[in-house]
Protein chains: 2
Amino acid sequence: MTDRNALDTLQRYGIHPSVQRIAIMDYLLKHCTHPTVDEVYVALGKDIPTLSKTTVYNTLRLFAEHGAAQMLTIDEKKVCFDGTVTPHAHFMCKRCGRLMDVQLPGCFQECQPVGADFIVEETHLYYKGICNSCAAKANA
Amino acid sequence: MTDRNALDTLQRYGIHPSVQRIAIMDYLLKHCTHPTVDEVYVALGKDIPTLSKTTVYNTLRLFAEHGAAQMLTIDEKKVCFDGTVTPHAHFMCKRCGRLMDVQLPGCFQECQPVGADFIVEETHLYYKGICNSCAAKANA
DNA sequence: TTATAAATTTGTATTGTTTACAATGCAAAT
DNA sequence: ATTTGCATTGTAAACAATACAAATTTATAA
């Protein structure tokens, strides 16, 4: 059972805490919607009016570098962030743009790259297509 | 053996050919370096001086929509394009930024998403890490 | 406590990619 | 020859992301 407390999470990843960093990590942990920088910035701006967008950029990048968050480049328009760092895949609906978590296929552990002449630090698996709710709308 | 002729490729994917489209597809097929829009634009500008960057954007997007090319969003800085559409994975070196093709693990065909309540149209698998040549440099 | 140094945050200016859109060009069909 | 429709071009604009320097906060040492 992983600890989803913002402060603890920061400390576990060796990130020095601050009001802004705790708030941003807290947002990530509580909103599994894969928010963009702007979404985090707008949402937290209500509580921290002085918050700078640059801080959100820097902080999310910092989290990703320390492995405390995942940077997702699935949508070519904007980078999204994911506070869940346990291995999982993603699905993006091409119609509504929603991004959701997907359990990894069971066989995936054994799926190592063939003839790899490189050191793997991150593995990314994602699917694109049409989500159920968009498919249902199309039939109406 | 797939046909790597530009005109034939366009027709196979139902894309109406034009001088620009043929040139762009030809470039993709002959340069497996996963070029960006700008790289294609600069390279073809020598032969087609009137070429517009907008056309390159539109055309590569069109190719991707028709399945004649793959849009890669691995590097968060820029979108790359891949003329190879047979299933394969990618590796990006975090140090030198190079992007290369990787053979899919054999078990991957059976790797379907678990409990998928969506229609999969594309599957993307890639790795990030350090390539051999960068790792060698680090040891010097 | 006070002074000093280090780290963090802020805000503005800037860069660079991508899109929107209107005008133009071109080729096939009538 | 005219029309129709798609493709291309080029400019303007939107927008994400970064650079940077000033301001603020926090930590450390005297």
Side-chain angles (χ1 to χ4, degrees), chain A residues 6-7 10-11 13-27 34-66 68-81 92 94 97 99, chain B residues 6-7 9-11 13-27 34-66 68-81 94 97 99:
Chain A
L7 177 59
L10 292 183
Q11 286 169 343
Y13 287 96
I15 297 168
H16 192 262
S18 74
V19 172
Q20 291 86 347
R21 288 175 180 178
I22 292 171
I24 292 171
M25 177 55 79
D26 187 62
Y27 187 86
H34 310 95
T36 63
V37 165
D38 196 63
E39 277 161 19
V40 174
Y41 172 68
V42 169
L44 296 184
K46 288 161 194 159
D47 294 320
I48 312 175
T50 64
L51 183 67
S52 162
K53 207 175 212 175
T54 302
T55 297
V56 182
Y57 271 103
N58 291 342
T59 303
L60 287 172
R61 144 98 53 83
L62 184 80
F63 288 177
E65 280 168 1
H66 281 74
Q70 231 190 320
M71 183 187 283
L72 303 179
T73 59
I74 299 172
D75 188 336
E76 82 264 18
K77 314 249 188 203
K78 50 194 163 43
V79 174
C80 299
F81 289 87
M92 193 182 99
K94 287 177 175 183
L99 197 55
Chain B
L7 177 58
T9 302
L10 292 183
Q11 285 170 342
Y13 288 97
I15 297 168
H16 192 262
S18 73
V19 172
Q20 291 85 346
R21 289 176 179 178
I22 291 170
I24 292 170
M25 177 54 79
D26 187 61
Y27 186 88
H34 311 96
T36 62
V37 165
D38 196 62
E39 278 160 18
V40 174
Y41 172 68
V42 170
L44 296 185
K46 289 161 194 160
D47 294 321
I48 313 174
T50 63
L51 183 66
S52 163
K53 207 174 211 175
T54 301
T55 298
V56 183
Y57 271 104
N58 291 341
T59 303
L60 286 172
R61 143 97 53 83
L62 184 80
F63 289 178
E65 281 168 359
H66 281 74
Q70 231 191 316
M71 183 186 283
L72 304 178
T73 58
I74 299 172
D75 189 337
E76 84 262 19
K77 313 250 185 201
K78 52 192 163 42
V79 174
C80 299
F81 289 87
K94 286 178 174 181
L99 197 55

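Per chain, numbering begins at 1; letters A, B, ... match sequence-line order.
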Q: Could you give me the CA-CA distance, side-chain angles and deciding distance for B/K53 and B/D38, then say whether side-chain contact (heavy atoms from CB on, under 4.5 Å) is met?
A: CA-CA 8 Å; B/K53 207 174 211 175; B/D38 196 62; 2.7 Å; yes

Q. When you check the phosphate oxygens OP1 and OP2 of C/dT18, does a side-chain N or O of B/R61 lie under 4.0 Å from one of them?
A. no

Q | Covered region of DNA chain D, 5' end to 3' end, by chain A [heavy atoms, under 4.0 Å] | A |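 Footprint of chain A along DNA chain D, 5' to 3': D/dA16 to D/dA27.
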
Q: Answer with base, sugar-phosphate or nothing: what part of the nucleic acid does A/V79 contact at a heavy-atom distance below 4.0 Å?
A: sugar-phosphate

Q) What do the steps show when you test B/K78 against B/V37 for side-chain contact (heavy atoms from CB on, under 4.5 Å), and what is the final call? A) CA-CA 9 Å; B/K78 52 192 163 42; B/V37 165; over 6 Å; no

(Q) How would you summarise protein contacts on nucleotides 7-14 of chain C per nucleotide, using B for base, S for sugar-phosphate only and - for none, with heavy-atom distances below 4.0 Å? (A) -SSBBB--

Q. What string of B, S and - do you get for nucleotides 25-30 of chain C, 5' to 3', when a contact is any protein heavy atom under 4.0 Å?
A. ------

Q: State which residues pass side-chain contact (heavy atoms from CB on, under 4.5 Å) with A/Q70; sequence neighbours excluded, sorted by chain then number.
A: A/L72, A/D82, A/H88, A/H90, A/H124

Q: Would you check, one step at a time, whether the test side-chain contact (heavy atoms from CB on, under 4.5 Å) holds for B/F81 with B/M71?
A: CA-CA 5 Å; B/F81 289 87; B/M71 183 186 283; 3.9 Å; yes

To the nearest 0.5 angstrom, please state how far the [atom1] atom of [X] sits from the [atom2] atom of [Y].
X     : Y     : atom1 : atom2 : result
A/R61 : B/E76 : CZ    : CD    : 7.0 Å
A/T55 : A/I24 : OG1   : CD1   : 7.0 Å
A/D75 : A/L99 : CG    : CG    : 8.0 Å

Q: Please step through side-chain contact (heavy atoms from CB on, under 4.5 Å) for the pair A/L62 and A/R21, ending with a clear verdict.
A: CA-CA 10 Å; A/L62 184 80; A/R21 288 175 180 178; 3.7 Å; yes

Which side-chain N or O atoms in residues 39-49 of chain B pair as donor and acceptor under 3.5 Å with protein atoms at least two apart or in another chain?
residue : atom : partner : partner atom : Å
B/E39   : OE1  : B/T36   : N            : 3.2

Q. What residues form a side chain to side chain donor-acceptor pair (under 3.5 Å) with A/K77, not counting sequence neighbours?
A. none

